[in-house]
Amino acid sequence: NFGLPMKDALENLTTRVPSLDVRFFATAVLIQRETGGNLSEILENLAHVVRERFKILRQVRVHTAHGRLTGYVLLALPVVLSMALMFINPEHMNLLFRERMGQMLLMVAITSASWLAMNQRVWPVILSVTAARRSASLASMRDSMACISRRSWSRSVRRARSDHPA
């Protein structure tokens with residue numbers, strides 16, 4: 001990116017690195033460049049903000065640990081209970097595998113568990129890819145609109161110059 005202006009290079013950086021902290025950095029540098037001021041002070045404040053964000057995220061993770069542990073216990077409960085029932089009274093559990101209704105219940109349980117697992121892992125990835133594509137298309141649309149406005153502005157300047165020769 002040696003030939004790009006600073007603004008375009010930082011916008012490309014924020015597009016390539018989809019991080020809120022990078023966007024904060026790019027915005028701070030661009031604002032400082034336009035308005036002036038002490039860049040080191042701005043970057044120190046930005047570093048403080050980023051550290052505080054991570055501190056808050058860690059606190060949220062600590063506060064939600066009990067809920068996550070409860071979820072893991074509830075997730076493991078059917079498997080543990082079925083294994084315990086298999087040892088205590090194997091005849092009851094064999095009905096689950098031999099009877100048609102038991103087999104249907106097993107299929108529903110396996111299907112719903114795999115659906116939940118897929119939603120936990122696959123959908124966030126799909127949504128992030130879709131968001132990245134959308135932001136890339138918005139950036140290209142913004143760039144094309146800027147190019148069109150620059151062309152129309154240069155046309156109007158040429159027209160004005162031709163109307164009023166010096």
Side-chain angles (χ1 to χ4, degrees), residues 1-83 105-161:
N1 292 341
F2 289 117
L4 287 178
M6 174 77 88
K7 182 177 182 184
D8 294 338
L10 288 174
E11 283 180 2
N12 289 342
L13 175 67
T14 58
T15 303
R16 283 192 311 263
V17 182
S19 171
L20 187 61
D21 300 328
V22 173
R23 282 197 297 169
F24 283 157
F25 170 75
T27 304
V29 169
L30 289 175
I31 289 174
Q32 186 276 336
R33 186 176 172 141
E34 289 177 11
T35 61
N38 190 355
L39 181 61
S40 64
E41 182 182 343
I42 291 171
L43 292 178
E44 283 177 11
N45 290 338
L46 180 62
H48 178 71
V49 167
V50 169
R51 284 189 200 104
E52 289 298 315
R53 281 187 61 239
F54 280 114
K55 185 177 174 182
I56 290 170
L57 288 174
R58 282 192 304 267
Q59 287 176 349
V60 167
R61 191 160 172 81
V62 165
H63 291 304
T64 60
H66 182 268
R68 282 181 289 144
L69 182 64
T70 303
Y72 294 144
V73 167
L74 289 175
L75 184 68
L77 196 61
V79 175
V80 171
L81 284 178
S82 64
M83 289 172 54
L105 286 173
L106 279 176
M107 292 304 272
V108 167
I110 290 170
T111 304
S112 62
S114 62
W115 183 79
L116 284 173
M118 186 176 111
N119 277 342
Q120 289 293 319
R121 299 288 180 205
V122 174
W123 283 112
V125 172
I126 291 172
L127 292 176
S128 66
V129 167
T130 305
R133 284 184 184 160
R134 184 176 302 128
S135 68
S137 67
L138 286 175
S140 67
M141 186 169 47
R142 184 186 64 229
D143 292 343
S144 64
M145 292 300 289
C147 182
I148 290 170
S149 66
R150 271 187 255 132
R151 276 191 228 135
S152 63
W153 182 79
S154 63
R155 265 190 246 127
S156 63
V157 168
R158 275 183 270 154
R159 204 176 303 128
R161 284 183 184 161

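Below, all heavy atoms of this structure are taken into account, side chains as well, without hydrogens, waters or symmetry copies.
- Within 6.0 Å of the CZ atom in R51, the count of heavy atoms belonging to other residues, nucleotides or ligands does not exceed 12.
- Atom CG of L106 is separated from atom OG1 of T111 by 10.5 Å, given to the nearest 0.5 angstrom.
- Note that CG of L39 and CD1 of I31 are 12.0 Å apart. Values are rounded to the nearest 0.5 Å.
- In this structure, CD on E11 lies 9.5 Å from OG1 on T27, to the nearest 0.5 angstrom.
- When side chains are defined from C-beta on, R61 does not count as touching L57, because their heavy atoms never get closer than 4.5 Å.
- To the nearest 0.5 Å, atoms CD (E52) and CD (Q59) are separated by 8.5 Å.
- Separating the CZ atom in R23 from the OG1 atom in T15 is a distance of 10.0 Å, to the nearest 0.5 Å.
- The structure places CD1 of I42 at 6.0 Å from OG1 of T35, a figure rounded to the nearest 0.5 Å.
- At distances below 3.5 Å, not a single donor-acceptor pair connects side-chain atoms of R33 with backbone N or O atoms of K7.
- Residues L13 and L10 have side chains in contact (heavy-atom distance under 4.5 Å, counting atoms from C-beta outward).
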